[in-house]
Amino acid sequence: MRDGEQDREEVVLCLFTHHSAEGTISPILAVFWYHKSSKKLKEEIMNQKPVRVRFAPSPTGHLHVGGARTALFNWLYARNRGGKFILRIEDTDQARSTLESEKMVKHDLRWLGMDWDEGPEIGGDFGPYRQSERMEIYKKHAEQLLAEGKAYRCFCTDAELTAKREQAEAESRSPHYDGTCLKLSETEIQEKLAAGVPFTIRFKVPDNAYTLYDMIRGAVHWEPGTLGDFIILRSDGMPVYNFCVVVDDHLMEISHVIRAEEHLPNTLRQIMLYEAFGWKPPKFAHASLILGQDRSKLSKRHGATSVGQFKEEGYLSEAMVNYLALLGWNEGKDREEYTIPELIKAFSVKRINNSPAVFDMDKLNWLNGIHLRKLTDEQLFEVGAPFLVAAFPFLTPLVADHNPWILAALNMEKNKMVLLSELGERLQFLFHYELKGNEEMRAFFAEETHLAAGRLMAERILAVKDLTPDSFWEAAMSIKEEGFKGKALFHPLRALLTGTLSGPELNAMVPVLVSGANIPELVSIQDRCRKFIEVFGR
RNA sequence: GGGGCAUUCGUCUAGGGGUUAGGACGCCGGCCUCUCACGCCGGAAACAGGGGUUCAAUUCCCCUAUGCCCUACCA
């Protein structure tokens, strides 16, 4: 227990969460005892504000795994507590924000299985949910601080500020704003205003010490003087992140802010603003950063980091969510595998870690395999078919028809692949059969017994009039009478059939090959046998 | 430069004043097996360093080191 806040968290967790068998969550008020002082507790529960959390991406590109994890922690918390999950678009950086990015982010969130209760398009009682549509609100609040003398106009130009900063650094002083414009007289200000000199609005930083009680880190303390007066409204009238985040979180009645540690230093600015407005801040929880292999903050240069890329590479959203949840959070049990409903049930903020975590592709891959193997036929078809079609476009009609052959083909690889994108390469053998110049086959059939088995089986299979899985096996297995058995029998058969020494189980493969004979691009068993005799026949 | 946060196997982590420091990925070995996988069994592998406090520190405190984040008219 880090502090009193934690205590309360745990209590409410017990009382507000209910899981039905289907894994859906319904908030209920089950009153059962938890603590000696249950009367006081009940009172507290009734006074407890509903959980309202938000994910607030800036739409400047794809959804990044770091952002996805932040969104996930918020979403899991909301769903666990029967609260609301709000999507807010932080697009005050007009130069970098695009509607296209916003769409991609939303698309990726949905793919991961996260839905939101309030947000752009769907609306809600606290909208609008795009910061670019809330300009009047920010302006009004900035002017309020201005009127109250808690903020002031700054007429310094960019060049002047840069010079001041450089000089401060040269003299190894803190590069804080020096407060030049704070000393401006009222007449000077009016003159500049009349002359149309552009200005920003700066927040006058109080000379106080601050302590933040973070749900994950406990008390975080700042001494006075760590911060210079910072800009809240740009000269073009656009508000700055640290300002609108406070205004919005308050107006949207956000109860908990769960975000990455990179925002921890910013929180000081924010609690100053809450104080200036006389608002009660939400509870903060700062999760640690996700790092790349080199232990710096995960970014594009570490390779695939956008959620969309993982999807394209054949990762399952369930695996992604499972992995992301485990990156910086754990239930406290020796458990790695979770479905999404299981995560909702198990999640708690207080078990989020406070030390940075390296993104481990190996473990993600392993989890993907785990989730892949748990897929039902229907699910496997749904996620696998697109990859099949991408590799073999001529299968499009079969997929459209939900032809069972597709499922049979997918099932051959279900236990073997790590990524769905391997499907193309793994099933290549169905549509290609090449023995000439195949060094592996030459070496294999250089062995006398292998060659003999292959020849015999090819001939006997070709002699079958109506090839079915049964008649196939009968013909192939008939060479047992010649003394072939075990590896000496199955290995040559595999080689004969696929032209390689590894691949799916023969038992699964034969029906796929037989029933796929009507697919023009598929190389039939007969053709395989004929080609074999052509290359390795007597 | 200043501020903040962090530090248990290579990686993700459990634990926490007295433990054979537990699990998972990856790695190695074995079993299963027509191959490759899956699965199962086993193995190697960690408390950053130095000071305290204590009968006892990996666990609590301090310092150092290291890493990361913030220090923008980015979010």
Side-chain angles (χ1 to χ4, degrees), chain A residues 56-60 67 90-93 95-97 131 154 156-158 161-162 165 168-176 198-202 212 214 216-217 220-223 225-228 230-242 244-245 259-269 286 288-289 291 293-297 323 326-337 353-367 369-370 373 413-418 426 485-495 498 500-507:
Chain A
S58 64
T60 55
E90 308 220 325
D91 55 352
T92 54
D93 183 354
R96 298 196 303 148
S97 299
Q131 291 187 328
C154 174
C156 295
T157 63
D158 232 344
L161 292 174
T162 311
R165 200 162 32 238
E169 267 167 45
E171 294 166 18
S172 59
R173 303 192 327 261
S174 295
H176 295 160
F199 63 89
T200 60
I201 296 183
R202 269 184 202 276
L212 164 72
D214 188 274
I216 295 167
R217 279 151 220 282
V220 179
H221 187 78
W222 288 274
E223 286 298 320
T226 49
L227 231 50
F230 55 91
I231 290 172
I232 57 177
L233 215 62
R234 298 174 170 99
S235 52
D236 63 0
M238 292 297 278
V240 149
Y241 166 75
N242 281 300
C244 21
V245 75
R259 73 216 324 185
E261 193 198 325
E262 61 196 293
H263 289 291
L264 189 52
N266 284 326
T267 311
L268 174 58
R269 290 177 171 79
H286 287 94
S288 55
L289 253 22
L291 271 27
Q293 291 297 333
D294 62 355
R295 302 202 74 90
S296 67
K297 187 171 128 183
Y323 180 70
L326 252 27
L327 205 56
W329 171 86
N330 74 88
E331 196 185 351
K333 294 178 180 166
D334 290 339
R335 180 176 179 187
E336 320 283 328
E337 301 168 25
N353 271 334
N354 59 185
S355 56
V358 174
F359 193 90
D360 182 6
M361 203 64 89
D362 283 332
K363 192 153 183 177
L364 206 211
N365 286 341
W366 168 74
L367 267 175
I370 296 285
R373 270 165 246 129
E413 296 297 342
K414 185 176 175 179
N415 280 357
K416 297 173 183 293
M417 60 184 165
V418 167
R426 287 177 169 279
K485 57 179 183 182
K487 276 185 206 225
L489 171 62
F490 289 99
H491 237 160
L493 179 58
R494 167 177 299 284
T498 67
T500 72
L501 292 177
S502 72
E505 283 177 29
L506 285 166
N507 274 323

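Quick note on labels: first sequence line is chain A, next is B, and so on, each numbered from 1. Note that the coordinates shown come from a computational prediction; the quantities given were computed from them, not determined experimentally.
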key: Sugar-phosphate or base contact per nucleotide [nucleotides 6-11 of chain B; S, B, -; heavy atom under 4.0 Å]   = SS---B
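- Which of G4(B), A75(B), U13(B) sits closest to the side chain of N353(A) comes down to U13(B).
- Remark: the separation of the C1' atoms in C38(B) and C32(B) is 11 Å, to the nearest Å.
- The side chain of E336(A) has A24(B) as its nearest neighbour among U71(B), A24(B), A75(B).
- For the pair L327(A)/K363(A), no side-chain contact is recorded, criterion being any heavy-atom separation below 4.5 Å from C-beta on.
- In terms of position along RNA chain B, the nucleotide closest to P175(A) lies nearer the 5' end than the nucleotide closest to the other residue of the pair P175(A) and R165(A).
- In terms of modelled atom types and a separation under 3.5 Å, the side chain of D360(A) and the main chain of D362(A) share a donor-acceptor contact.
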Under 4.0 Å protein heavy-atom contacts per nucleotide of nucleotides 28-42 of chain B, with B for base, S for backbone only and - for none = ------BBBSSS---
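- Look at the C1' atom in both C40(B) and G67(B): the space between them is 40 Å, to the nearest Å.
- Mapping C156(A) and W329(A) onto RNA chain B via the closest heavy atom, the residue that lands nearer the 5' end is W329(A).
- Here T92(A) does not reach the OP1 or OP2 of C74(B): none of its side-chain N or O atoms lies under 4.0 Å away.
- Nucleotides C9(B) and C25(B), compared at atom C1', are 12 Å apart to the nearest Å.
- Distances were taken from every side-chain heavy atom of W222(A) (C-beta onward) to each of G3(B), U71(B), C73(B); the shortest belongs to G3(B).
- Contact annotation for R259(A): no contact, since no heavy-atom pair falls under 4.0 Å across all strands.
- Every residue two or more places apart in sequence or in another chain that forms a side chain to side chain contact (heavy atoms under 4.5 Å, CB included) with R494(A) is listed here: T498(A), L506(A).
- Across all strands, H221(A) comes closer than 4.0 Å only to sugar-phosphate atoms, never to a base (heavy-atom distances).
- Base contact: T200(A) has a heavy atom under 4.0 Å from a base atom.
- Between the side chain of S296(A) and the base of C68(B), no donor-acceptor pair of N or O atoms lies under 3.5 Å.
- On the P atoms, U58(B) is 15 Å away from A46(B), given to the nearest whole Å.
- Annotation: G49(B) and A65(B) have their P atoms spaced 16 Å apart (nearest Å).
- The backbone N or O of L264(A) sits nowhere less than 3.5 Å from a side-chain atom of R217(A) that would complete a donor-acceptor pair.
- Remark: side-chain polar atoms of H176(A) are paired, donor with acceptor, to backbone N or O of T226(A) under 3.5 angstrom.
- Taking the side chain as every heavy atom from C-beta outward, D93(A) and S58(A) never approach each other to under 4.5 Å.
- Taking only side-chain atoms of L264(A), from C-beta outward, the nucleotide of C69(B), A75(B), C5(B) with the closest atom is C5(B).
- R259(A) places no side-chain N or O within donor-acceptor distance of the main-chain N or O of H286(A), the cut-off being under 3.5 Å.
- In this structure, Y241(A) and H263(A) have tilted ring planes: the angle between them lies in the 30° to 60° band.
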